[in-house]
Trainee: 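Take this structure, written in structure tokens, and hold onto it; I'll ask about it next.
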Amino acid sequence: MAKIFIVEDDENIREIEQFALKNAGYETEGFKTARGFLKRLESVRPELVILDIMLPDRDGLELLRGLRLDGRTFKIPILLVSAKSTELDKVKGLELGADDYMTKPFGVMELISRVKALLRRMELLERSEEFFFEGIRMEEDRRQVTVDGEPVELTYKEYELLKVLLHNSGIVLPRGRLLERVWGIDYEGETRTLDVHIKTLRHKLGKKGALIQTVRNVGYTLNYARPDAP
């Protein structure tokens with residue numbers, strides 16, 4: 001049974017979320033403050049966190065950033081919840097490492113559906129702890145990427161993008177699917193964001209960056225180099 005932490009200062013909303021998820025078969029714990037949540041994290045690691053942005057003792061986005069920088073928590077799927085509904089708010093949350101974003105008010109069926117999708121995605125990714133393709137190696141347990149044995153420093157989104165490409169090497173991935181897998185199903189920002197991240201990822205991978213090939217009018221693929229590859 002998956003354990004889900006709900007960080008929400010509104011008691012009514014927190015209780016509704018807990019009730020709905022318990023009925024769906026999940027174990028839940030609720031927290032009204034970031035402090036209580038972080039204290040509990042010292043001893044228990046949940047399978048997923050539902051995080052409200054507006055907390056009484058700490059900004060939810062700052063809390064998100066800290067979770068992504070901590071080696072103990074960087075892999076935990078995080079579903080952001082907020083009354084803020086502007087595109088900028090969503091983009092900022094997703095860029096900081098949230099896996100999905102929901103805007104209040106929302107229905108419990110939508111909540112359960114998104115939770116199931118995030119847990120299913122994490123289960124698929126965790127089946128393999130190491131990816132390797134043509135000299136590019138990713139070690140999930142160490143969150144390390146090397147190219148021909150040399151370490152490469154990537155941002156959170158660059159790392160996640162490379163992971164999806166490695167996991168699907170040889171397969172053409174449409175732009176929409178990449179945006180969904182890396183930035184979340186609810187992402188509504190500029191699709192140019194993907195192109196920028198592909199460009200910086202290619203640069204950081206050096207000569208191996210040519211393995212990330214553009215498929216015109218479709219998307220990208222990580223494939224064996226060919227003479228006419230863009």
Side-chain angles (χ1 to χ4, degrees), residues 4-10 13-14 17 31-38 41 46-107 110-111 113-115 117-119 121-122 125 143 145 153-165 173 175-204 219-220:
I4 299 173
F5 281 2
I6 300 172
V7 191
E8 168 65 66
D9 65 319
D10 187 310
I13 294 177
R14 189 172 66 250
E17 291 175 348
F31 308 88
K32 65 180 180 180
T33 65
R35 179 180 300 177
F37 164 66
L38 291 173
L41 270 183
E47 277 69 42
L48 184 142
V49 173
I50 298 174
L51 176 62
D52 183 33
I53 290 180
M54 304 296 289
L55 298 172
D57 60 338
R58 187 170 178 180
D59 179 74
L61 293 179
E62 290 183 6
L63 182 57
L64 169 63
R65 189 198 305 271
L67 293 172
R68 287 303 182 224
L69 292 175
D70 191 327
R72 301 168 301 172
T73 58
F74 71 86
K75 291 175 66 175
I76 300 175
I78 298 176
L79 170 58
L80 277 186
V81 175
S82 176
K84 296 182 177 181
S85 59
T86 68
E87 179 179 308
L88 181 61
D89 293 319
K90 294 181 180 180
V91 170
K92 187 174 182 180
L94 295 169
E95 286 289 343
L96 286 174
D99 295 275
D100 201 354
Y101 190 111
M102 289 184 66
T103 302
K104 298 177 183 177
F106 52 82
E110 180 185 4
L111 172 66
S113 176
R114 293 194 185 223
V115 164
L118 287 175
L119 291 173
R121 185 195 309 173
M122 182 56 61
L125 292 176
R143 200 168 177 83
V145 173
E153 293 295 326
L154 301 179
T155 66
Y156 178 82
K157 288 300 184 185
E158 290 167 353
Y159 181 94
E160 294 298 312
L161 179 57
L162 178 60
K163 181 164 64 176
V164 174
L165 290 168
L173 296 170
R175 296 168 60 84
R177 187 182 304 173
L178 284 168
L179 284 167
E180 176 183 326
R181 293 288 298 276
V182 180
W183 280 268
I185 194 172
D186 203 33
Y187 181 72
E188 298 176 355
E190 273 286 340
T191 58
R192 178 65 180 166
T193 296
L194 173 60
D195 301 325
V196 171
H197 280 74
I198 288 288
K199 181 178 180 180
T200 59
L201 184 55
R202 282 172 170 161
H203 175 73
K204 291 184 178 182
Y220 296 96

Trainee: Would you check if M102 and I50 make a side-chain contact, meaning some heavy-atom pair closer than 4.5 Å?
Mentor: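 Counting from C-beta outward, M102 and I50 never come under 4.5 Å.
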Trainee: Give, for atom CG of D100 and atom CG of L94, the distance between the pair rounded to the nearest 0.5 Å.
Mentor: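 So the CG of D100 and the CG of L94 are separated by 7.5 Å.
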Trainee: Looking only at heavy atoms, which two atoms of L67 and T73 are closest? And how far apart?
Mentor: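 Answer, listing the atom of L67 first, then T73: O-OG1, 2.7 Å.
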Trainee: Name all residues meeting the side-chain hydrogen bond (donor to acceptor under 3.5 Å, both in side chains) criterion together with E8; count only those two or more places apart in sequence or in a different chain, and write none if there are none.
Mentor: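 Testing E8 for side-chain hydrogen bond (donor to acceptor under 3.5 Å, both in side chains), a comparison that skips the adjacent residues, returns K104.
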Trainee: Could you check whether any side-chain heavy atom of L161 comes within less than 4.5 Å of a side-chain heavy atom of L154, counting everything from C-beta outward?
Mentor: no
Trainee: Excluding sequence neighbours, so at least two apart, what forms side-chain hydrogen bond (donor to acceptor under 3.5 Å, both in side chains) with E158?
Mentor: T155, T200, K204
Trainee: Heavy-atom distance under 4.5 Å between the side chains of D52 and V7, does that happen here?
Mentor: no
Trainee: So do F106 and E17 actually touch side chain to side chain, heavy atoms under 4.5 Å?
Mentor: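 Counting from C-beta outward, E17 and F106 do come under 4.5 Å.
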Trainee: Using 0.5 Å steps for rounding, measure from the OH atom of Y101 to the CG atom of L51.
Mentor: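 Here the rounded value is 10.5 Å.
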Trainee: With a 3.5 Å distance limit and no angle check, can you tell me whether D57 reaches the backbone of R35 through a side-chain donor-acceptor pair?
Mentor: yes
Trainee: Residues in side-chain hydrogen bond (donor to acceptor under 3.5 Å, both in side chains) with E110, at least two apart?
Mentor: R114
Trainee: Which pair of heavy atoms, one from A83 and one from T103, lies closest together, and at what distance?
Mentor: O-CG2, 4.2 Å
Trainee: Check for a donor-acceptor pair, side chain of H203 on one end and backbone N or O of K199 on the other, with a separation under 3.5 Å.
Mentor: no
Trainee: Which atoms form the tightest heavy-atom contact between D99 and R68, and what is the distance?
Mentor: OD2-NH2, 2.7 Å
Trainee: Do I13 and I6 make a side-chain contact, defined as non-hydrogen atoms from C-beta onward lying under 4.5 Å apart?
Mentor: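 No, every pair of side-chain atoms sits at 4.5 Å or beyond.
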Trainee: Could you tell me the separation between the CG atom of L55 and the NZ atom of K32, rounded to the nearest 0.5 Å?
Mentor: 12.5 Å
Trainee: What's the separation between atom CG in L64 and atom CD1 in I53, rounded to the nearest 0.5 Å?
Mentor: 8.5 Å
Trainee: Starting at CZ of R181, measure out to NZ of K163 and round the result to the nearest 0.5 Å.
Mentor: 9.0 Å
Trainee: With sequence neighbours left out, write down each residue that passes side chain to side chain contact (heavy atoms under 4.5 Å, CB included) with R58, or none if nothing qualifies.
Mentor: A34, L38, E62, L63
Trainee: Look up atom OG1 in T193 and atom CZ in R175, then write down how far apart they are to the nearest 0.5 Å.
Mentor: 9.5 Å
Trainee: Using side chain to side chain contact (heavy atoms under 4.5 Å, CB included), reason through K157 and V182 one step at a time and then give a plain yes or no.
Mentor: CA-CA 7 Å; K157 288 300 184 185; V182 180; 3.9 Å; yes
Trainee: Who passes ring pair (Phe, Tyr, Trp, His ring centres under 6.0 Å) against F5, sequence neighbours left out?
Mentor: F31
Trainee: Who are the side-chain hydrogen bond (donor to acceptor under 3.5 Å, both in side chains) partners of R143, not counting sequence neighbours?
Mentor: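 In terms of side-chain hydrogen bond (donor to acceptor under 3.5 Å, both in side chains), with neighbours along the sequence ignored, R143 is linked to E160.
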